[in-house]
Every structure is written in structure tokens, then in C-alpha cells.
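Nothing here was measured: the structure is a model prediction, and the numbers come from that model. Chain naming here is simple, since letters A, B, ... match the order of the sequence lines and numbering starts at 1 in each.
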Amino acid sequence: MANWLAKTEPDEFSLDDLEARGKAGEPWNGIRNYQARNHLRAMVPGDRVLIYHSACAEPAVVGEAEVISEPRPDPDALDPASRYYDPKSSADNPRWTVITVAFRQRWPKPVPLKLIKQTPELAEMALLRQSRLSVSPVTDEQWLVLEQLSVQ
DNA sequence: GCCAACGTTGGC
DNA sequence: GCCAACGTTGGC
């Protein structure tokens, strides 16, 4: 079982929005970066996903979700009306991947990026090393450290 | 709103 | 295959 971190802009889709979806969850669509896509393809149901709010007043890890589907082709890539349409993707050879995630819990306190940067045990997080990667892996150790920061 | 980081595109 | 031009992400 693996751990991940997924960024979302709260103005677009927040942890609150995910909670409102309940057990049905939300397709994590629109990922259009190969590295991030490859991480989606490695996900299996039951994997844990940190939800990270980006491009907002206080960028932070705010809670956690769970992968509840297998990876599958992202249908938005084939829909010309979608903002995520990619003419280079096709039904025969789908380029992009989506998984569905469901809300698990809000963390006691958000863990701000600022604090993550100040924490030596988290210096190797992919979040910090590749600032533009929207889906990234998290180690068990990193997850534990983040959880501890959330209750302090 | 600025701009650094960095991924993608396309000419050669 | 190199690399300049360009577009996007996301912190600040």
C-alpha cells in the first residue's frame, strides 16, 4: 500500500468539496503531466492520498483521502468541450489517466508548506524537490512526521 | 501580479 | 538530438 500527495486549488476543488462527495468520491481528472500521470497509474485502491491546497493564501496539507478506483483513461482528454481536451489523445491510445478518490478525514490542523520546509525530516519530499509536480509519492516516514505536525 | 522553475513544442 | 521559444505552475 502506497502513500501519495495530490495538489488541488481550493478555489477550484477543495477538501470541503471532496467531503461533500461522500463515498462516491471524485474523479481526479485533468492531470496533464507525464510524471504525475505515471504516479496515477501506479495507484491501487486503498492507497492513501494527502490532499494539499495550492495557489492559495496558505498552501498546506489539509487532510487525507483514499484511492477507490483502478486507474483508467481520462475521458475528458477525448471530449473537445472539456477544458482538459487533448487532441493528441485517442480512444485507441489514451494518453491520460484518472483515478477516483474519496474523502477520509480532515487533519486536526493544516500543515503549511512553510512548516514542511522548516522540517529537516521532510527535506526529501517530492513536494519540495519538484515544486510543480501535482501528484507525488510520500514515504511512510514522511506521512508520520506530517501527522505529528498536524496535532502539535 | 511577478517571476523562478521547469515541462513541452517545433525548427533546424 | 539540440535548444530557443513558449506556456504553465505555484509560491510569494
Side-chain angles (χ1 to χ4, degrees), chain A residues 2-21 25-43 47-67 71-101 103-139 141-152:
Chain A
N3 311 309
W4 309 96
L5 178 148
K7 294 182 185 177
T8 183
E9 299 187 18
D11 290 345
E12 294 270 337
F13 190 84
S14 68
L15 186 66
D16 281 339
D17 296 322
L18 184 61
E19 184 172 17
R21 296 290 191 275
E26 172 76 7
W28 212 257
N29 58 1
I31 301 295
R32 296 291 178 269
N33 166 283
Y34 288 104
Q35 255 189 295
R37 180 206 68 182
N38 291 342
H39 291 316
L40 292 179
R41 288 184 174 177
M43 291 185 182
D47 281 0
R48 301 186 295 180
V49 184
L50 293 171
I51 301 299
Y52 175 91
H53 282 172
S54 67
C56 57
E58 188 185 56
V61 171
V62 291
E64 77 184 78
E66 177 180 344
V67 176
R72 59 188 185 280
D74 186 345
D76 289 356
L78 304 178
D79 175 6
S82 169
R83 59 190 287 208
Y84 300 125
Y85 177 60
D86 180 357
K88 292 177 181 168
S89 190
S90 67
D92 287 349
N93 189 13
R95 173 176 293 206
W96 303 113
T97 296
V98 66
I99 48 99
T100 301
V101 299
F103 178 84
R104 255 198 193 170
Q105 60 176 316
R106 178 175 311 281
W107 277 15
K109 283 195 302 183
V111 183
L113 178 63
K114 193 178 170 192
L115 180 56
I116 294 172
K117 284 181 171 172
Q118 290 168 355
T119 305
E121 297 97 311
L122 299 176
E124 299 302 313
M125 278 193 76
L127 173 72
L128 301 183
R129 313 216 88 181
Q130 282 172 278
S131 61
R132 294 179 50 205
L133 187 57
S134 59
V135 179
S136 58
V138 177
T139 67
E141 292 79 8
Q142 290 164 351
W143 188 289
L144 272 173
V145 171
L146 289 163
E147 263 180 345
Q148 286 159 9
L149 291 174
S150 177
V151 296
Q152 270 169 21

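- Between the CZ atom of A:R95 and the C1' atom of B:dT8 there is a distance of 10 Å, given to the nearest Å.
- Contact check for A:W107 versus A:Q105: side-chain heavy atoms found under the 4.5 Å cut-off.
- The distance between atom CD of A:E9 and atom P of C:dT9, rounded to the nearest whole Å, is 8 Å.
- Between A:L127 atom CG and C:dG10 atom C1' there is a gap of 11 Å when expressed in whole angstrom units.
- Between A:D11 atom CG and C:dG11 atom P the separation is 13 Å, expressed in whole Å.
- When heavy atoms are screened at a 4.0 angstrom cut-off, A:K114 is found touching no nucleic acid atom at all.
- Each of B:dC6, B:dG7, C:dC12 was ranked by its minimum atom distance to the side chain of A:R132; first place goes to B:dC6.
- Nearest to the side chain of A:Q130, among C:dC12, B:dT8, B:dG7, sits B:dG7.
- If you measure from atom CD1 of A:I31 to atom P of C:dT8, you get 16 Å, rounded to the nearest angstrom.
- Rounding to whole angstrom units, CG of residue A:L133 and C1' of C:dT9 are separated by 11 Å.
- Between A:W96 and A:Y34, the ring planes lie tilted relative to each other; the angle falls in the 30° to 60° range.
- Using a distance-only test at 3.5 Å, with no hydrogens or angles considered, no donor-acceptor pair links the side chain of A:H39 to the main chain of A:A6.
- Spacing between atom CZ of A:R129 and atom P of B:dC6 amounts to 11 Å, rounded to whole angstrom units.
- Rounded to a whole Å, the OH atom of A:Y34 is 6 Å from the P atom of B:dT9.
- A close approach under 4.0 Å does not occur between any side-chain nitrogen or oxygen of A:K7 and OP1 or OP2 of C:dT8.
- When the side-chain nitrogen and oxygen atoms of A:Y52 are compared with OP1 and OP2 of C:dG11, one or more of them lie within a distance under 4.0 Å.
- Within the structure, the salt bridge (charged side-chain N to carboxylate O under 4.0 Å, His left out) test picks out no pair touching residues 113-123 of chain A (sequence neighbours left out).
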